[in-house]
Amino acid sequence: MIILGINETSHDASVSLIKDGEILFAGHAERYSKKKNDWYVNDELITNALSYGFPDQIAYYEKPLLKASRLLLKGGQSDWKPKFIVDNLFGKRVPVKNFKHHHSHAAAGYYTSKFNDACIVVLDAIGEYNTSTIWVGEGETIKLKYKQNYPISFGLFYSAFTQLIGLMPNQEEYIMMGMAAYGDWKKYYRKVDEYFPSYSKQKYNFHKGIVDWEDLITEQDKFDIAAAVQFVYEQRLNEFMHMAYAITGKTNLVFMGGCALNSSANTALWDIFSDVWIMPNPGDAGSSLGAAVALYGKHVNWKTPYLGYDLGGKYPVTEIITSLIRDKIAAVATGRAEYGPRALGNRSILADPRDPNIKDKVNLIKQRELFRPFAPVVMAEHASKWFDMKFESPYMQYTVKCLQPERIPAVVHADGTSRVQTVTKEQHPGLYEVLSNWYIMTGIPVLLNTSLNIKGQPLLNDHNDIMKWQEAYKSKIIGGFNEQ
Ligand SMILES: [Fe+2]
């Protein structure tokens, strides 16, 4: 049976296609429409997905009427009406089944994991009513064990402060997380803590933003507030996760929802649980796959996050190495696009991490703020010599201390940490070969890896995007892609 999963009417629409436990396709609407965090699926995305098969069933990631009832009763801003006419796909009626927002998150995590039993935690801003849920996964069954409803919300707390310091809520939380390293958490700790004193108690409904902050906010205050918010968030997360462990008694954790994108906070999860799985697309964009696998109701064969638009071609190992030696930077677009917010080698800018000036150069190319850090990609077997980590991080989901910052200054943040991507040969043979060659030449098994995009724009997706980039910036993208 072929199932098409859809998520839209939230930030970051996406679709996924699965067939009998195999994931055929998963892609983001924004990569096709070029509208960052696009709320709606589009014809180009659907056409691309359906080139892999026509669905027998459609799974939708929310219960629209339930969400509408919350909006009606409790307020909040959202366009809840799905624009995609899911029950009349291309003129052919396809049955549609809806799943609750948190159920889709939980299913996306558990059914893509290797676990046969696990504690599943979902934390986000809000779906229909639920904001925090705990589930138990056993065999092929997931059961809800705990729920907390709107307006108490980990995600809304974080987003409200993102807005307070002048960033876009629901979009630029990751920038505030990066800013935290430059701030002093102690300055605003007490004040911020009063807004979220325990995981089940908050000062008021953060959907309206922070409405009673009277202190003047200077440029440095923005960093200090970010540090305090990150500190308080990590404390509440820690308490919630201990409670989840106590309720479920499971030592494996599946963590999903937009909050699972907070890589600085995620590292401490390994102190509570013996194994952790965060699907590489844990936010709402991952819920098209979540709805599809919820309908399938069994584990799927998770192999790779490279599930989107296919440029074709072979990984251009030699060209990348040549460019790294000549220019210290290599822009790469090849094969299938990543499903998730991180570029993991197929739509990436790779660079020499030894050069302290490379960070500014890449930030200028991407038109980002100069304080923004970059992440390293490292051969998995060398990771523990360069970073303080005892686990693999194939999808750049954990921030850890760098052990040799003087040798790779371009990928170390202001607080001495790095958001690491580990790579094995099995995971990505081409990228692994690039790193192996780089290691032989330099003695460094690490490269800088960042997404191939301009700040505020989606990652490059197809041949057209590559041509436009090359024309606009007069710089070549190395593509192991087939000609159109
Ligand atoms: Fe969500």
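Residue indices begin at 1 and follow the sequence shown. When a ligand or atom number is given, it counts from 1 through the structure's own listing order.
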Check for me: within less than 2.8 Å of the Fe ion (ligand 1), which protein N/O/S atoms show up?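 The answer is H101 NE2, H105 NE2, D124 OD2, D284 OD1.
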Does R70 count as lying over the ring of Y150, i.e. NZ or CZ under 6.0 Å from the six-ring centre, within 45 degrees of the axis? yes
With ring pair (Phe, Tyr, Trp, His ring centres under 6.0 Å) as the test, would you mind laying out the steps for Y182 and H413 before giving the verdict? CA-CA 9 Å; Y182 293 92; H413 200 14; 5.4 Å; yes
Would you list the pairs meeting salt bridge (Lys or Arg N to Asp or Glu O under 4.0 Å) in which at least one residue belongs to residues 147-167, sequence neighbours left out? none
Under 3.5 Å side-chain donor-acceptor pair for D193 and Y188: no
Distance-only donor-acceptor check, side chains Y245 and T251, under 3.5 Å: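 No, no side-chain donor-acceptor contact under 3.5 Å.
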What I'd like to find out is whether the side chain of L261 reaches to under 4.5 Å of the side chain of R342, using heavy atoms alone.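 Touching, per the 4.5 Å side-chain cut-off.
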